[in-house]
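Shown next, in structure tokens, is the structure this report addresses.
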Amino acid sequence: MIEWYDQYARDLPWRISPVFSKKGIKPDPYRVWISEIMLQQTSVKVATPFFLKFIEKWPNILSLHQTSETEVLALWSGLGYYRRARNLKACAEILLREYEGGFPIEEKKLLKLPGIGKYTSAAILTIAFGIPAIVVDGNVERIIARLFGLDGTISKLKPEIRTYMMNVSPSARPGDFAQAMMDLGATICKPLNPECMICPIRDSCKSYKDGTTNIIPRKTKKPIKTFRKGYIYLAVTKSNEIAMIVRPKSGLLGGMMCLPSSEWTEKKYPKNSPPFPGEWVALDQTIRHSFTHFDLELRMMVSSIFSVPNSYILKPFNFSLTEKVPSVMKKALVLGLKYFHF
DNA sequence: AATCCGGGGGA
DNA sequence: TCCCCAGGATT
């Protein structure tokens, strides 16, 4: 794996090239941390431009600490799982207060930090500090299951996979080994149609020998996606300002700035109940958006208004691209603002 | 142990 | 349309 990594490692902005890492040079822990958080349930392709923007804006922990959560959420807009961004900011606070702006290098302490779990603590320890740790992510689970021909769903195999991973992890260059596994999983040992013909560990692979790479790991049945509907309300003042709200910290799109909306109910539309009085008009077009657990259809209601209750935030009509607005709300704004000829 | 939490690339 | 992505926190 290490030999393969030396030749084929992906060139990624949070990494040190194996040319240097084999000499013991290590990447910036801050960059490793930011990348690992962004890469949680997010592909390299999607995370990379966000990482570059983030590092340009906040190149170190001090600069991150000095900015606001709102600014971080604004940059995170469109990346999803917004709690990650809020945890990042909270974590920076703790790192400065308790660890002089660095990272503790004990798993127990890392696990106490917000947003850092079993995987991310191991990744930081081994990639940023060269401390051997068992790094198990989705790639590793798939590779190990195939390599040893483990028959079962990933959730049942987890303890076994961890044991196998302990037994195959080298003590030399543990960080590069972890990253080599991820590269193998992303480019060769893919979920669908793995490229076994160019795999560096094919000769050791049980499922390749058995011809079972297409059924290992075994797929779990996924719950069916539900469908929800609701109303969303775009109110524009005479001075071209839009009424917005900030969603509660916990729950869907927590802490993000959104248009007011009704409940989102299963299958049928809920009662149309505008957040405040206005001359509400329904638009013909609806907004569709897909979340992990449900698909959403929103019917857009628009109104010109004179004033709104002061619990609402008024934003200029052209604000949305630089604020903490989630993708579904950007879609809604694009549609709704057409009505007002913006 | 389940469930919640976004969004998009790629097939 | 469906799968899956360098998972973590909550229940």
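Being a predicted model, the structure only gives us computed values, none of them experimental. The chains referred to below are lettered A, B, ... by the order of the sequence lines, with proteins before strands, and numbering in each begins at 1.
- Using modelled atom types and a 3.5 Å distance limit, the side chains of A:D210 and A:S207 yield no donor-acceptor pair.
- Around CD1 of A:I105, the count of heavy atoms belonging to other residues, nucleotides or ligands within 6.0 Å does not exceed 12.
- A heavy-atom distance below 4.5 Å is found between the side chains of A:F103 and A:L110.
- The phosphate of C:dC3 has OP1 or OP2 within less than 4.0 Å of a side-chain N or O from A:K222.
- Near DNA chain C, defined here as any heavy-atom distance below 4.0 Å, the residues from residues 33-40 of chain A are A:E36, A:L39, A:Q40, listed numerically.
- Annotation: side chain of A:N87 is not in contact with side chain of A:L113 (no heavy-atom distance under 4.5 Å).
- Atom OH of A:Y99 is surrounded by more than 12 heavy atoms from other residues, nucleotides or ligands within 6.0 Å.
- Counting to the nearest Å, the P atom of B:dG8 and the CG atom of A:L79 are 9 Å from each other.
- Listed nucleotides C:dA6, B:dG7, C:dG7 differ in distance to A:N139; the shortest reach to its side chain belongs to C:dA6.
- Contact annotation: side chain of A:R10 to base of C:dA6, donor-acceptor pair present below 3.5 Å.
- For B:dG6, the base has a donor-acceptor partner in the side chain of A:T42 [N/O atoms by modelled type, under 3.5 angstrom].
- For A:E141, the salt bridge (Lys or Arg N to Asp or Glu O under 4.0 Å) partners two or more places apart in sequence, or in a different chain, are A:K158.
- Across all strands shown, A:V135 has no heavy atoms under 4.0 Å from either base or sugar-phosphate atoms.
- Using a 4.0 Å heavy-atom criterion, one finds that A:P326 contacts the sugar-phosphate atoms exclusively.
- Between A:M181 atom CE and C:dA6 atom P the separation is 13 Å, expressed in whole Å.
- Across all strands, A:R15 comes closer than 4.0 Å to base atoms (heavy-atom distances).
- With the nearest nucleotide of DNA chain C identified for both A:L111 and A:A123, A:A123 has the one nearer the 5' end.
- For A:K225, the NZ atom is densely surrounded, since the number of other residues' heavy atoms within 6.0 Å is greater than 12.
- When heavy atoms are screened at a 4.0 angstrom cut-off, A:G185 is found touching no nucleic acid atom at all.
- Between C:dC5, B:dG6, C:dC4, one nucleotide has an atom nearer to the side chain of A:K219 than all others, and that is C:dC4.
- Sorted by residue number, the list of members of residues 87-98 of chain A with any non-hydrogen atom under 4.0 Å from DNA chain C is empty.
- Atom CD of A:E263 has 12 or fewer neighbouring heavy atoms from other residues, nucleotides or ligands inside a 6.0 Å radius.
- Under the 3.5 Å distance criterion, with hydrogens and angles disregarded, no donor-acceptor pair is assigned to the side chains of A:R84 and A:Q40.
- Judged purely by distance below 3.5 Å, without hydrogens or angles, the side chains of A:E36 and A:Y119 pair a donor atom with an acceptor atom.
- Regarding A:Y119, its OH atom lies at a distance of 8 Å from the P atom of C:dG8, rounded to whole Å.
- Between A:R83 and B:dC4, a side-chain N or O to OP1/OP2 separation shorter than 4.0 Å is absent.
- Atom CZ of A:F294 sits in a crowded spot, with more than 12 heavy atoms from other residues, nucleotides or ligands closer than 6.0 Å.
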Review item, nucleotides 9-11 of chain B N/O atoms under 3.5 Å of protein N/O:
from: B:dG10; atom 1: OP1; to: A:K45; atom 2: NZ; distance (Å): 3.4

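- In terms of position on DNA chain C, the residue among A:L113 and A:W14 whose nearest nucleotide sits closer to the 5' end is A:W14.
- Within the structure, every side-chain polar atom (N or O) of A:H293 is placed at least 4.0 Å from both OP1 and OP2 of B:dC5.
- The local environment of NZ in A:K206 is sparse, with at most 12 non-hydrogen atoms from other residues, nucleotides or ligands closer than 6.0 Å.
- A:K190 and A:R146 make their closest contact through O-NH1, 2.8 Å (heavy atoms, listed as atom of the first residue, atom of the second, distance).
- One can place CZ of A:R288 at 9 Å from P of C:dT1, the figure rounded to the nearest angstrom.
- Per the geometry, CZ belonging to A:F294 stands 17 Å off P belonging to C:dC2, to the nearest Å.
- B:dC4 sits 24 Å from C:dA6 when the P atoms are compared, rounded to a whole Å.
- Exactly one of A:W280, A:Y233, A:Y231 qualifies for a side-chain hydrogen bond (donor to acceptor under 3.5 Å, both in side chains) with A:N272. That residue is A:Y233.
- The side chain of A:R142 sits closest to C:dC5 out of C:dC5, B:dG6, C:dA6.
- OP1 or OP2 of B:dG8 has at least one side-chain nitrogen or oxygen of A:S327 nearer than 4.0 Å.
- Atoms CG (A:L73) and P (B:dG7) sit 12 Å apart, rounded to a whole Å.
- Remark: P of C:dC2 and NZ of A:K221 are 16 Å apart, rounded to the nearest angstrom.
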Test A:S77 against A:K330 for side-chain hydrogen bond (donor to acceptor under 3.5 Å, both in side chains), laying out the working first. CA-CA 10 Å; A:S77 168; A:K330 288 186 176 173; 3.1 Å; yes
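- Between the CD atom of A:Q41 and the C1' atom of C:dG7 there is a distance of 5 Å, rounded to whole Å.
- Phosphate contact (OP1/OP2 of C:dG8, side-chain N/O of A:T120, threshold under 4.0 Å): present.
- Annotation: B:dG6 and C:dT10 have their P atoms spaced 14 Å apart (nearest Å).
- Remark: A:E266 engages A:R228 in a salt bridge (Lys or Arg N to Asp or Glu O under 4.0 Å) (not counting sequence neighbours).
- When base pairs are accepted only as Watson-Crick or G-U wobble with both N-N or N-O distances under 3.5 Å, DNA chain B takes part in stems of 3 or more pairs at B:1-5 with C:7-11, B:7-11 with C:1-5.
- Within the 4.0 Å cut-off from OP1 or OP2 of B:dG7, at least one side-chain nitrogen or oxygen of A:Y82 is found.
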